[in-house]
There are 2 protein chains.
Amino acid sequence: MPKILFKNVLLGGSETDIFVAGNRFEKIAPEIVVPAAEAASVEIVPAKNLAVFPSFCNAHTHAAMTLLRGYADDMELFTWLNGHIWPFEAKLSARDIYEGSRLAILEMIRSGTTFFNDMYFESAETVRAARELGIRTCVGMTVTNFTGEEKIEKMFAQLKALPQGGAVGDDGLVRFAVAPHAVYTVSEKLWLRCAELARERGVLLHIHLSETKKEVADCIAEHGVSPVRWLDSLGVLGENVVAAHVVHVDDEEIEILRERGVTVAHNPVSNMKLASGIFRAEAFSRIGAKIALGTDGAASNNNLDMREEMKFAALLAKVGGNPEAVPASEVLSWATRGGFRAFGIDAGEISEGKLADAVFVDLNNERMFPSHNPLSNWVYSADSRAVRHVICDGKFVMRDGIVPAEEEILSAVRSLPLLKK
Amino acid sequence: MPKILFKNVLLGGSETDIFVAGNRFEKIAPEIVVPAAEAASVEIVPAKNLAVFPSFCNAHTHAAMTLLRGYADDMELFTWLNGHIWPFEAKLSARDIYEGSRLAILEMIRSGTTFFNDMYFESAETVRAARELGIRTCVGMTVTNFTGEEKIEKMFAQLKALPQGGAVGDDGLVRFAVAPHAVYTVSEKLWLRCAELARERGVLLHIHLSETKKEVADCIAEHGVSPVRWLDSLGVLGENVVAAHVVHVDDEEIEILRERGVTVAHNPVSNMKLASGIFRAEAFSRIGAKIALGTDGAASNNNLDMREEMKFAALLAKVGGNPEAVPASEVLSWATRGGFRAFGIDAGEISEGKLADAVFVDLNNERMFPSHNPLSNWVYSADSRAVRHVICDGKFVMRDGIVPAEEEILSAVRSLPLLKK
């Protein structure tokens, strides 16, 4: 396993050395000296004028939807889905999903993300892309009433063939989840089957929940109760649930979600762009609910940049009238350890013993100037141009701004028949 | 004067050549051939896989406040001003203002901005910085009740000594304006003096207007009417007024502003961060009011990135419930020609005869992929890493990602005594 010694990196206000051994931060201290006997196996990386932050956990996305970036904008969710997104998606091949996922992962790495929670089709292709590029993922197999019995059986069999927890391979980087899409696309019977399978196999349930007013109104009309209450009555909600959006909920529903241990994946950009509504950030935060942050797919964002997402999340929380709501440090924790915790990944903090996932930000970038508060600069001012290195599981996935596979990925996307005019 | 021929650049969906002669776009056509006799004086720049867009007009900022980036975040406007910003500003020297302005201009160039409308102190220093770095500016001399009679007389004398219009030099790049700060810091008498001077000298009035609920309530308590109505009753509002923020206004006030020809400089990030409120984008847009976009100062943003500002503006407009509000093309026009028009600058469009201000964006950047809609990708997806060249007045201010003065600016800021710990 590689060993890396970062020299003189800025961490929380002071310079330090960081020693990465295997896939963890082994030692963090001002002047780490490598014993002569070990010197040959340790790479020393000068990191003066770099600040280190935990890399991001993108808690809700649809990676391969990068292929639909800019395909349809500035319209209402159901028009957008029915008239544009779903017809385009019907044409996607496995190859498209693979290349779209690689493009997404390239973009995520470049903006400091080392894990994404995905929900899409042909999930094996997304898993393959993540493994090749070296970042973590939890890929949800999407289930709806339209998926078809045969395909569902195949997915379930695939999940049952995996070890408990849904992991693919031994390194803990990649695993599968079950992703019943939403209350308006999944029947009661299918919710119960998915929840049972998830419990049985120890995998996550990745769902959309209470995204729009219409979803809530339709659910009440059909089931007599709101989406949160309906899923709770079915016994679906628990610590293994990551629920995206969760915009239209009352105080009691927020309390139900907290009690059940559900992690809420907040997607401010998508919620704003589709005019879905304003996430009740302060209400969730006040009672200590589990909050993570996600970009949603590129079709409704239109990027996968968690730095930008943090700024939107913090600022959207303040729009209600409280400028003290969700300060920079809180939104950074949503985007990092708040997310990783939901997926049982021991990352999201730069401290000894934690998994070595991190982003190294250039303090010589003009947007990190001056250095009154590097954390504030990272959350509110920087952009992906300031990202110098990204490590995942103790290895470089981007170094000095270079992602080795970049050229090849872009040319592969360029030659997809789907995108030819 | 330099002549530049950009070959095969993407403009509005098709590839073209663009010939820049002097400071204007002289010819835009598919295959421009330079006559052999002229070849020596024309530089040919291959621009395949670059898209060209109008560069940005930052219609409201306080450039030198980059020195306060991250100095105080996540608090209410008046606490932030009284307890943090104003005490820090009291310590600023002319040298600080100069270096802070250079840092700001560097950041603006890197993110595609070629004009900024400034309001601050020691305005001659900001003018000097802009002239050195080659971009356009209108620098407002800030006037408040606390400025002091002597200083005001000096400013006014300085303005009177300039040619009609307030221009500095013959190239039309830089000029001065009068900047009465706000209704809560400027007396009736001072408003009248500023407005008279501006009319007399043909210069702009750059003001803050109706930024917070408190400002409006205090104005009504003191003057019996809202800020817009009060200034209108004083005869201050006219085509030479650029009013920043303008958040708390009713329909009638929006109509007054439109009738008077006032340009409203919308600052979505600052308004969200300080929880000032939500700009009534659709109401202004519906009646054809003049709308521009600004970043405000780095202390309340915390960057000067107009691309990011466009995304915030478009998305904030949709939060009210209409996802069709302010589509990408509209917000781009606010950020470009909507602003330039207010300042009488014949830029903001890539067409023959217009001033040659433009940004060249890398279509090989993963965030510009795929190319369903390059304009949407620029507004909603890209960041400053995608900006390859920036031209202002027909000259490169950034070329291949390089701003020549960058290293020197950063080291000058680093050595400011004010920032030493």
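Naming convention: chains lettered A, B, ... in sequence-line order (proteins, then strands); numbering from 1 in each chain.
- No other option in Leu103(A), Thr79(A), Leu416(A), Leu304(A) has as many heavy-atom pairs under 4.5 Å with chain B as Leu103(A).
- Of all non-hydrogen atoms in Pro323(B) and Lys273(A), the two that sit nearest each other are CB-O, 3.8 Å.
- Residues Asn302(A) and Lys311(B) bring no donor and acceptor atom of their side chains to less than 3.5 Å of each other.
- By the 4.0 Å N-to-carboxylate-O rule, Arg307(A) lies too far from Asp383(B) to be salt-bridged with it.
- Remark: Arg110(B) CZ to Arg367(A) CZ distance equals 10.0 Å, nearest 0.5 Å.
- Between atom OG of residue Ser329(A) and atom CG of residue Asp73(B) there is a gap of 10.0 Å, rounded to the nearest 0.5 Å.
- Proximity of Val319(A) to Leu316(B): side-chain heavy atoms (C-beta onward) are separated by under 4.5 Å at one or more points.
- Side-chain atoms of Arg414(B) and Asn364(A) form a donor-acceptor pair, as typed in the model, at a separation below 3.5 Å.
- Shortest non-hydrogen contact noted between Asp74(B) and Lys318(A) is OD1-NZ, 2.8 Å.
- Between Glu366(B) and Arg69(A) there is no salt bridge, since no side-chain nitrogen of the basic residue lies less than 4.0 Å from a carboxylate oxygen of the acidic one.
- Separation of atoms CD (Glu308(B)) and OH (Tyr380(A)) is listed at 12.0 Å; rounding is to 0.5 Å.
- The shortest non-hydrogen separation linking Glu324(B) to Met75(A) is CG-CA, 4.2 Å.
- Contact tally against chain B (heavy-atom pairs below 4.5 Å) for Ile278(A), Leu67(A), Asn271(A): the top residue is Leu67(A).
- For chain A, the nearby part of Asn322(B) is the backbone; its heavy atoms alone come within less than 4.5 Å.
- Under the 4.5 Å side-chain criterion, counting only non-hydrogen atoms from C-beta, Leu419(B) is in contact with His372(A).
- Using a 4.5 Å cut-off between heavy atoms, Leu375(B) makes no contact with chain A at all.
- Identified by a heavy-atom distance below 4.5 Å to chain A, the contributing residues of residues 400-411 of chain B are Glu406(B), Leu410(B), in residue-number order.
- Looking at Val379(B), there are no atoms closer than 4.5 Å to chain A (heavy atoms on both sides), in backbone or side chain.
- Contact count versus chain A (heavy atoms, under 4.5 Å) is highest, among Pro327(B), Gly70(B), Ser384(B), Gly321(B), for Ser384(B).
- Note: Asn301(B) leads Val413(B), Leu274(B), Val326(B), Asn301(B) in heavy-atom pairs under 4.5 Å with chain A.
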